[in-house]
Structures are given as structure tokens and as C-alpha cells.
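Worksheet: the structure to be examined is printed underneath.
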Amino acid sequence: MDKKIKIGIIGCGAIGSSLAKIIKKDFQDKAVIAKIFDLDEKKSFTLARVLGYNNIVAGSRRELIKKVDLVIEATHMKYAYEITKDALNFSKDILVMSVGGIVARYRNLVKLAKRKKGKIYIPSGAICGIDGLKALAQDRIKSVRLTTTKPANSFKGVDFVKQRFGSLDKIKKDKVLFSGPAQKAIKYFPQNINVAAILSLAGI
């Protein structure tokens with residue numbers, strides 16, 4: 001029988017918890033959740049109870065990384081780069097959910113992955129046709145444009161929008177909130193940017 005992949009999840013919020021439940025429900029013949037970790041220890045123990053697993057809460061992210069085959073990062077973009085770097089330094093594979101956090105230094109991570117023989121997995125998320133985009137990027141693509149339309153309320157709490165437009169309640173018709181490169185979009189809209197980040201990495 002093939003050896004099960006030992007998975008560690010860093011970040012036990014909504015995304016990390018959902019992935020953990022899916023892995024247990026649909027992939028238990030191929031993988032096992034060996035360790036979980038969150039800066040908020042309560043979240044870690046809550047998820048462990050929900051899963052019905054004992055002794056899976058790690059005391060630190062490095063402890064988790066050392067004891068698994070595949071790391072899943074499900075935290076926040078401000079932590080994604082360091083977590084990815086740590087995993088690769090231990091020659092572990094990593095699935096990055098907070099893609100915006102690694103875009104600026106992605107080339108450094110790729111070099112590290114090659115040197116340490118680790119792999120970086122980036123989910124396509126809401127985008128189809130990523131393979132085609134990557135193929136075209138080898139020769140023909142000079143730019144990629146993403147147009148995103150969302151309800152104004154989805155930008156509540158975004159400092160960039162608040163500073164430029166004030167109250168979102170005043171916006172009653174379609175309005176361009178931002179137009180610019182993906183790097184700036186990642187800075188201004190950290191919670192709304194994974195699609196742009198993935199397109200940036202795959203396209204140019």
C-alpha cells in the first residue's frame with residue numbers, strides 16, 4: 001500500500017479548517033493531517049477537536065514543518081513568504097493559499113525550491129485556463145488585464161478605498177476604485193487579490 005502523505009496546515013481559520021475537513025473526508029486513503037498550527041492556539045485545539053484527532057497541534061510552525069511531507073499555508077499574505085521560505089529550507093513541499101504574499105519575491109523562492117528540492121504549489125482558485133496562459137507566456141504575452149467587479153461593501157475596512165473615496169455608502173453606481181499593476185493591488189487590497197496575484201505569476 002502506498003504511504004500516506006503527511007500534511008501540516010498552518011492557519012486554522014476558515015480556509016485552513018475547510019481544507020482540513022475536506023482532506024479527512026475525501027482523501028483519507030491518500031493523506032493524513034499530521035500537524036496543525038495557528039498563532040491563536042485556541043483555533044488549533046478547536047480544529048483538532050472537530051477533526052477528532054489527538055496530538056496534532058504543533059507548538060510552532062517549524063515543529064510542524066519538520067514533521068510533515070506537505071505544508072499548507074492558510075494564514076495571511078504578510079506571513080506567506082516566511083512560511084514558504086521555512087518550508088523550502090527544510091526541503092518540504094508547500095501549497096500557498098495567500099498567493100499575494102509571495103509575488104514580489106517569487107523568483108527567490110523558485111531558486112530556493114530548486115536548490116532544496118522542494119515544490120511550491122499555487123492553486124488556480126477562481127481562474128480556468130491557467131495552463132494555456134502559462135504556455136502563451138513563453139512567447140507572446142506582453143500584458144494581462146484583469147477586470148474585477150464587486151459590491152462596494154466588500155471593500156469595507158480597506159484603507160486605500162476609505163482614504164480616496166470616503167464612505168462606501170455614497171457609491172451608488174459603477175466606479176473604478178483602482179487601476180494599476182498587480183504589485184500595487186496586492187499592497188492596497190490584501191484580502192481581495194489572490195486572482196490578480198495568480199495571473200501575475202502565470203502570465204508575465
Side-chain angles (χ1 to χ4, degrees), residues 1-125 127 130-131 134 186 190 193-195 197-202:
M1 186 171 70
D2 292 338
K3 179 183 175 184
K4 289 186 179 181
I5 299 170
K6 291 189 287 186
I7 294 176
I9 299 177
I10 301 178
C12 300
I15 293 175
S17 297
S18 295
L19 290 172
K21 292 170 188 174
I22 290 169
I23 291 166
K24 181 182 179 183
K25 179 177 180 289
D26 298 331
F27 298 97
Q28 59 182 332
D29 58 328
K30 298 178 181 178
V32 61
I33 300 170
K35 289 291 177 182
I36 58 176
F37 174 76
D38 196 287
L39 288 174
D40 183 346
E41 199 175 58
K42 290 181 180 178
K43 290 183 178 180
S44 300
F45 283 104
T46 297
L47 179 57
R49 283 196 300 272
V50 169
L51 296 172
Y53 291 157
N54 296 319
N55 303 317
I56 66 166
V57 176
S60 69
R61 77 185 191 208
R62 290 201 174 190
E63 177 193 331
L64 177 148
I65 290 168
K66 289 178 181 179
K67 294 186 177 181
V68 303
D69 304 311
L70 171 67
V71 178
I72 296 179
E73 176 282 317
T75 58
H76 184 282
M77 60 174 284
K78 66 182 177 181
Y79 304 119
Y81 176 78
E82 290 300 328
I83 291 171
T84 304
K85 187 171 73 171
D86 279 353
L88 294 174
N89 272 322
F90 282 100
S91 300
K92 301 301 174 76
D93 298 340
I94 181 164
L95 171 66
V96 182
M97 302 303 293
S98 308
V99 185
I102 67 169
V103 169
R105 291 176 282 182
Y106 180 68
R107 292 183 188 279
N108 294 341
L109 292 173
V110 170
K111 290 177 182 177
L112 180 61
K114 289 179 179 177
R115 192 165 71 248
K116 295 291 186 176
K117 301 188 186 310
K119 294 184 178 69
I120 305 169
Y121 295 105
I122 298 174
S124 59
I127 312 170
I130 286 293
D131 286 346
K134 288 171 67 178
I186 290 166
I193 207 59
N194 266 2
V195 170
I198 293 165
L199 279 174
S200 179
L201 291 178

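All figures in this text were calculated on a predicted structure; none of them were measured in a lab.
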Next on the checklist: Just to verify, what does Arg62 make a side chain to side chain donor-acceptor pair (under 3.5 Å) with, not counting sequence neighbours?
Outcome noted: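 Counting only residues at least two positions away or on another chain, Arg62 forms a side chain to side chain donor-acceptor pair (under 3.5 Å) with Asp86.
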
For residues 92-105, which side-chain donor-acceptor pairs fall under 3.5 Å, sequence neighbours excluded?
residue: Lys92; atom: NZ; partner: Ile65; partner atom: O; Å: 2.7
residue: Lys92; atom: NZ; partner: Lys66; partner atom: O; Å: 3.1
residue: Lys92; atom: NZ; partner: Val68; partner atom: O; Å: 2.8
residue: Asp93; atom: OD1; partner: Lys119; partner atom: N; Å: 2.9
residue: Ser98; atom: OG; partner: Glu73; partner atom: OE1; Å: 3.4
residue: Ser98; atom: OG; partner: Glu73; partner atom: OE2; Å: 2.8

Checklist entry - Between Lys4 and Gln28, is there a donor-acceptor pair closer than 3.5 Å when you use the side chain of the first and the backbone of the second? => result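 Yes: the side chain of Lys4 pairs with the backbone of Gln28.
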
Item to check | Any donor-acceptor pair under 3.5 Å from Thr75 side chain to Gly11 backbone | outcome: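 Between the backbone of Gly11 and the side chain of Thr75 there is no qualifying donor-acceptor contact (under 3.5 Å).
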
[X] to [Y] - nearest heavy-atom pair and separation:
{"X": "Ile15", "Y": "Ala74", "value": "CG2-CB, 4.1 Å"}
{"X": "Asp29", "Y": "Asp26", "value": "OD1-O, 4.2 Å"}
{"X": "Gly13", "Y": "Asp38", "value": "N-OD2, 4.0 Å"}
{"X": "Ala48", "Y": "Val57", "value": "CB-CG2, 4.0 Å"}

Next on the checklist: Evaluate Lys116 against Asn89 for side-chain contact (heavy atoms from CB on, under 4.5 Å), listing each step before the verdict.
Outcome noted: CA-CA 6 Å; Lys116 295 291 186 176; Asn89 272 322; 3.8 Å; yes

Kindly compute the distance separating [atom1] ([X]) from [atom2] ([Y]), expressed to the nearest 0.5 Å.
{"X": "Asp69", "Y": "Ser91", "atom1": "CG", "atom2": "OG", "result": "12.0 Å"}
{"X": "Leu70", "Y": "Ile5", "atom1": "CG", "atom2": "CD1", "result": "7.0 Å"}
{"X": "Leu51", "Y": "Ile33", "atom1": "CG", "atom2": "CD1", "result": "5.0 Å"}
{"X": "Tyr53", "Y": "Leu47", "atom1": "OH", "atom2": "CG", "result": "10.0 Å"}
{"X": "Ile120", "Y": "Tyr106", "atom1": "CD1", "atom2": "OH", "result": "5.5 Å"}

Next on the checklist: With salt bridge (Lys or Arg N to Asp or Glu O under 4.0 Å) as the rule and sequence neighbours excluded, what pairs involving residues 8-25 come up?
Outcome noted: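 Not a single pair qualifies under salt bridge (Lys or Arg N to Asp or Glu O under 4.0 Å).
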
Next on the checklist: Please determine whether the number of non-hydrogen atoms from other residues, nucleotides or ligands lying under 6.0 Å from atom CG of Leu112 exceeds 12.
Outcome noted: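 Atom CG in Leu112 is packed in, count exceeds 12.
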
Item to check | Tyr79, OH: over 12 other non-hydrogen atoms inside 6.0 angstrom | outcome: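 No.
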
Residues forming a side chain to side chain contact (heavy atoms under 4.5 Å, CB included) with [X], sequence neighbours excluded:
{"X": "Ala58", "answer": "Lys35, Phe37, Glu63, Leu64"}
{"X": "Lys114", "answer": "Val110"}
{"X": "Glu41", "answer": "Phe45"}
{"X": "Lys111", "answer": "none"}

Next on the checklist: Checking side chain to side chain contact (heavy atoms under 4.5 Å, CB included) between Val71 and each of Ile10, Thr84, Ile7, Leu88, which is the one that passes?
Outcome noted: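 Output: one option passes, namely Ile10.
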
Checklist entry - Do the side chains of Tyr81 and Leu109 get nearer than 4.5 Å, heavy atoms only? => result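 Touching, per the 4.5 Å side-chain cut-off.
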
